[in-house]
Every structure is written in C-alpha cells, then in structure tokens.
Amino acid sequence: MKIEALRAKGEEALHDAVMAYAYTEIANIFSAFTWYLRAGQEERAFEKLWSRKESIAYVSCGKGYRGQESVRAFFVTARKKQREEKLPVLAELFPDQVKNEPEYLGAGDYEMHWLTTPYIRIANDLKTAKGTWWSPGIVAETDTDGNLRSYVRTINYGCDFILEEGAWKIWHLREFAEFSYPLEENLLDMQGREQDFGAALELTRRMGTGIPKPNERRKWSGPCTRTRIPGMIPDIIEPYNTWDDCLSCIRDL
Amino acid sequence: MQETYTEQELQQVEAIFDKAEHQAKKALAWQECLNDYCAHVLHYHGQKQREDIETYWSMDRYDIAYGHGDHGFIGKAQVLDYFAGMNEKMRDAKLRYFSGKFPDRIAYSPEYIGVGDYCIHAIFTPHIQVAEDLRTATAFLQSPAICSELDLACKQAPMIEWGGYGATFVRDDAGWKIWQIRGYSDYGLGMEGWMIDHTDRPDPPYPTVAEQLRAEKGLSSLIPDPDFTVTDRGPLTRYRIAAVEPEMQAPYETWDDSISYIRDYPVVGQPEEGDKL
C-alpha cells in the first residue's frame, strides 16, 4: 500500500474519531450547565462553559442578552444579587439554620433542568456544533412566609457551540418556553420528614425482606429543605489521565 | 526516523487505522441513531409526521414498521398512512370543528393546522447497540410522555403516558435511518388542563422572591433590561400551533450565520479578529 493512501486512511479515521468525541463533549458541557444551575453556581458555569467571544448570546423566552458583559449581568450577577437581597429575610425567618453570611447564599433554592431527547450535530469541519434538548424541570425557592414554593418548568433548549482553543464552549443559548405550573406548597421540603417511598417499602419491611443495613454512613448535605444550601454534589470531574481513589464518588465512605 | 517501510509494516499500521476507524464509526453510529430517534420525537412534537418519515426513516427498506404493544403497521405505505396520514386527517377534522365553533380565534386555514396540539415523548436512558458489521443497530429508550389536544370545549386535555420504545436502525444509502419502532405503554392518566395551558396566565407563573421584595419597596428589578427582544411562539396555550422548535440541524460542512439559533436577532457590531470560521 502506498504511504499516501495510508495517510488518507489515517486522516479519515482521525476525523471520525474526533467527531464522535466532540458529540460526547457537547453532551457533557450541556449536562454540566444544568448541574451548575442546580448548585447555584452560575459564576463557575459562565467561566468554564461559555465562549470568551463578544458574540455570545443568551435568550430566555424572547428576551435576549448579547456580549460578555450583558450575558454575565443576566445569568450571573442578577441571580447573585437576588440571593444576597433575600438572605437577610431567610436569616430572620430561620435564625438557627441560616445566617446572614456568604456561605448561606442560596438557602432553600432548587433548580433542576433534566436534559432529554438530545439532538446534537457537529459540523464536518469540526469547528462548531448545534444541539437541542427538551427539558422538564423543577424550580423552587423559600418565600418570605418561610414556605418552599416550587413549580414545574419545561423548556426547549437550542444551543450553538464553538471550539475554542481545543475546548467546546457554549456560544448562543436559546430557551423556548413550553409550560409551567405550581406544585403544592412545601411538596419538596424534606425538613423533618423521612423520604416516603410509600406502600412498597412498608410491605418489604413486614415481609422481612427490607433493605440491608449499610456498611458506612457519612453526613451529606441532605435532601431538599427550606434552608438547604445548594452544593455541587457530586462535583464535576475534570478530564483525567488515570484513576485515583480521590476521584471516586464514594471517596468519603 | 525510518524513511522506508516494508509492506508488512505498512499493513500493520493499516490494521491499526482500520480498527480506529471501526471504533469511531460505531461511536458515530450510536450518535446518529439517537439523533434520528430524537428527531422523530421532536417532529411528532411539531406535528410533522410525514416530514419525519421521509427524512429520518429508511425509504429504501420495504419493511419499515411502526408498532404499539401487540399490533403494528408494516410497510412504507402502511406506516405513512398510519403515522402521517391518520394524524393529518385528525388535524383536518379538528380544524374544521374548531374553526366552526370558535371562528374569532381559529380559521380553517393552513397556518392553523396543529392548533393546540402538544405531544412530547421525551427520550431518557438510551441503550443503543450497533452491530459489528455497522449495518444495523437496536435500541431501547424510556419515555415519559405528555400529550394534549383541544377538547370539544376548546380546552387543553392533557395526559401523561409512561413507557418505552424498542427500535431498530439500518444504514442505507442515505445514512443511518429508523427501520422499526415498537412502543410499550406502562400507564397513562389524565392531567388537569390548566397545568399546561398558558392562555390566561403568564409564564413563568411567579416572580422570584427577591423581585417581590424589591417590588414591595418600590425598587426596580434586578434583572437587566434585555439588549433585544424577539417574538417567540411563547408557552403552550389553547391556540399555539405545533412546530418543530428549535429545528433539527441537518449535517453541515461549515458554519454559516444563517443556521444560528439566534439568526433572527438584530445584528450588532462587526466581526471580531479571529471570528471568521
């Protein structure tokens, strides 16, 4: 076989492999985006996931923000200020659980946007990509009466991505509203109550076939409550070369 | 560095490339099959069943199939008649009814086709197995669905339906395409119409707590004014027309602003250094 034909074969294999890999990176980035939202870490999301181009844009249900300053003001700063202004109210409502100090910002906040039905298309030149997802979500926060109010919020996402210095970034993000409705007040608040798995678990307990005792127990932030501080649990793992036990999701057990 | 290679050495390198190429093509096939299935679901959401079948299903195979549990439709004509034709006839019948009953809101006119329709069979937990010969693939996908249409009183009548799908895919001359689908329903139950109907209520339904606090004090919103606004369809109402939104991007070679998800926005400024793609 001539060397030129071999080189062409190698380049084709490389192109296909890079394209396949790009799909997984795009999927990872958008999953990370929703994971940061869940943790109330918009600043980290903006720094890590968004392009540095001035042509970035974020459009939420018809209202558009363009450019680094504008998108940051909408996505990061406004949310941060809202938490800062709400914190003294929560500290007064729940003085034993919430202090008017920075580490309590976001107490009671919950925002989860699951990603379903992914359609991801990478350009053949491997420089840009586009993706859509249908997203059922739940958004909750503690109100001035101390109740955890929540609602279902479903949206469609359309997102343009760009390859920047070897890493894929969010370039233009657009949200299309589907529908929202409120949930029963305090439905998500697990304060003072066990998670209720209903009749099924009770039946297995009576039959003596209940869940075996675990080997270890460790403290964790716990389920959603009116005062829980959202956190990155588990945290997003950066690219790594080889296994180390400190990467494990059970490293504290 | 070695400057000449034996035929055997070249063959060894070729074998490595072949293996890499095969693995890459399997990964790409997995992605294309998932893309196809999600495109099918999103076209159903947009009430574009015929376009879905003609774009994402195999038009080469004589035995494409659409099944539900214990019954199904096999063959191109049968699948088109069932999935596309049946839905088209239903939409026409509904449009005649609603335009007659509510002429001030709905006209018997093409732009109103799909009025009030809502159907999303969201795809979760995909498991896709691509054959080693890269000619076929099989999958199962789980799907909680919400579907709704207008009832005779022109109100949304949604239901949820949870279940899953088995699907097979084939690689024909046009690429990876859907070959057969079989749906399995676990349960379905009605929802209250108001939950998804925004005809008389805004979206999002509530301002945030911080915004309420500021409004009570007569302070301005913390949310900055947008740089621009565009007219989106908006959330689901009794009168929203089903559409594939955002649209599916066909395979493309290189970037053009005309394919951007923000192409309908006003152009601002000039391209930056290094912006050309």
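To find a chain, count down the sequence lines: A is the first, B the second, and so on, and within it residues start at 1.
In this structure, the portion of B:Q212 lying under 4.5 Å from any heavy atom of chain A is its side chain and not its backbone. For A:I122, the part sitting under 4.5 Å from any heavy atom of chain B is the backbone (N, CA, C, O) and nothing else. Heavy-atom distances place the side chain of B:I146, and not its backbone, under 4.5 Å from chain A. Heavy-atom distances place no part of B:A29 under 4.5 Å from chain A, backbone and side chain included. Only the side chain of B:H45 comes within contact range of chain A, with at least one heavy atom under 4.5 Å from a heavy atom of that chain. For chain A, the nearby parts of B:S260 are the backbone and the side chain; heavy atoms of each come within less than 4.5 Å. Using a 4.5 Å cut-off between heavy atoms, A:E164 makes no contact with chain B at all. With a 4.5 angstrom heavy-atom cutoff, A:V18 does not touch chain B via any of its atoms. The part of A:T142 that comes within reach of chain B is its backbone (N, CA, C, O), which places non-hydrogen atoms under 4.5 angstrom from that chain. Interface residue B:I259: backbone and side-chain heavy atoms are both found under 4.5 Å from chain A. For a residue to count as touching a neighbouring chain, one of its non-hydrogen atoms must lie under 4.5 Å from one of that chain's; by this rule A:Y58 does not touch chain B.
The existence of a salt bridge linking A:K63 and B:D225 is excluded, since no basic side-chain nitrogen approaches an acidic carboxylate oxygen closer than 4.0 Å. Using a 4.0 Å cut-off between charged nitrogen and carboxylate oxygen, B:K217 and A:E85 do not count as a salt-bridge pair.
Partner of B:V209 under the side-chain contact (heavy atoms from CB on, under 4.5 Å) criterion, out of A:T144, A:D109, A:L90: A:T144 alone.
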Full working for side-chain contact (heavy atoms from CB on, under 4.5 Å) between B:W255 and A:K130: CA-CA 10 Å; B:W255 184 258; A:K130 294 168 67 68; 4.2 Å; yes
Pair B:R240-A:E178, salt bridge (charged side-chain N to carboxylate O under 4.0 Å, His left out): steps then yes or no: CA-CA 10 Å; B:R240 193 178 82 164; A:E178 288 279 83; 3.0 Å; yes
B:F228 and A:V59: CA distance, side-chain angles, deciding distance, side-chain contact (heavy atoms from CB on, under 4.5 Å) verdict: CA-CA 9 Å; B:F228 55 86; A:V59 185; 4.3 Å; yes
Pair B:I223-A:Q82, side-chain contact (heavy atoms from CB on, under 4.5 Å): steps then yes or no: CA-CA 9 Å; B:I223 300 172; A:Q82 286 178 342; 3.8 Å; yes
B:M195 vs A:V152, side-chain contact (heavy atoms from CB on, under 4.5 Å): CA-CA, chis, key distance, verdict: CA-CA 9 Å; B:M195 286 177 164; A:V152 166; over 6 Å; no
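Other residues, nucleotides and ligands contribute more than 12 heavy atoms inside 6.0 Å of the NZ atom of B:K177. B:Q8 CD: 12 or fewer foreign heavy atoms inside a 6.0 Å radius. When the shell of 6.0 Å around CZ of A:R7 is examined, it contains 12 or fewer heavy atoms from other residues, nucleotides or ligands. The neighbour count for A:Y21 OH, taken as heavy atoms of other residues, nucleotides or ligands under 6.0 Å away, does not exceed 12. The number of heavy atoms from other shown groups lying within 6.0 Å of CH2 (B:W162) does not exceed 12. The 12-atom threshold is exceeded at NZ of A:K99, counting heavy atoms of other residues, nucleotides or ligands nearer than 6.0 Å. Atom CD of A:E92 sits in a sparse spot, with 12 or fewer heavy atoms from other residues, nucleotides or ligands closer than 6.0 Å.
Looking only at heavy-atom pairs under 4.5 Å with chain B, the residue among A:A78, A:A20, A:G158 that has the most is A:A20. With respect to chain A, the highest number of heavy-atom pairs below 4.5 Å among B:E247, B:Q23, B:R214 belongs to B:R214. Options B:A250, B:P144, B:A20 differ in how many heavy-atom pairs under 4.5 Å they form with chain A, and the most are formed by B:A250. With chain B as partner, the option from A:A27, A:C159, A:A123 having the largest number of non-hydrogen pairs under 4.5 angstrom is A:A123. Of the listed residues (A:G67, A:A129, A:P118, A:A73), the greatest number of heavy-atom pairs within a distance under 4.5 Å of chain B belongs to A:P118. Interface summary for chain A: among B:T231, B:L28, B:L42, the most heavy-atom pairs under 4.5 angstrom belong to B:L28. Taking chain A as the reference chain and counting heavy-atom pairs below 4.5 Å, the highest number among B:P235, B:A210, B:P251, B:A24 is found for B:P251.
Under the 3.5 Å distance criterion, the side-chain polar atoms of A:N124 are left unmatched by any main-chain donor or acceptor of B:Y252. Judged by distance alone, the side chain of B:Y37 and the main-chain N or O of A:T117 form no donor-acceptor pair under 3.5 Å.
If you take CD1 on A:I120 and CG on B:L34, they are separated by 8.0 Å, rounding to the nearest 0.5 Å. Here the straight-line distance linking atom CG of A:L126 with atom OG1 of B:T254 works out to 10.0 Å at 0.5 Å rounding. Between the CG atom in B:N35 and the OH atom in A:Y23 there is a gap of 5.5 Å [rounded to 0.5 Å]. Considering OG of A:S60 and CG of B:D232, their distance stands at 9.5 Å, rounded to 0.5 Å. In this structure, the separation between CD on B:E9 and CG on A:L6 is 11.5 Å, given to the nearest 0.5 Å. From B:H198, atom NE2 reaches atom CZ of A:F179 across 8.0 Å, with rounding to the nearest 0.5 Å.
Heavy atoms only, all atoms of each residue included: B:Q249 and A:Y119 are closest at O-OH, 3.0 Å. Closest non-hydrogen pair, A:P182 versus B:W194, comes out as CD-CZ3, 3.5 Å.
Contacts from residues 118-125 of chain B to chain A, taken as heavy-atom pairs separated by less than 4.5 Å, involve B:Y118, B:I120, B:A122, B:I123, B:F124 in sequence order.
Side-chain contact check for A:T132 versus B:Y261: some heavy-atom pair is nearer than 4.5 Å. Under the 4.5 Å side-chain criterion, counting only non-hydrogen atoms from C-beta, A:Y181 is in contact with B:R201. Side-chain atoms of B:V230 and A:R174, non-hydrogen and from C-beta on, do get closer than 4.5 Å to each other.
The salt bridge (Lys or Arg N to Asp or Glu O under 4.0 Å) contacts involving residues 20-45 of chain B comprise A:E12-B:K25, A:D16-B:K25, A:R121-B:E32, B:E21-B:K25, B:K26-B:E132, where partners must be two or more places apart or lie in separate chains.
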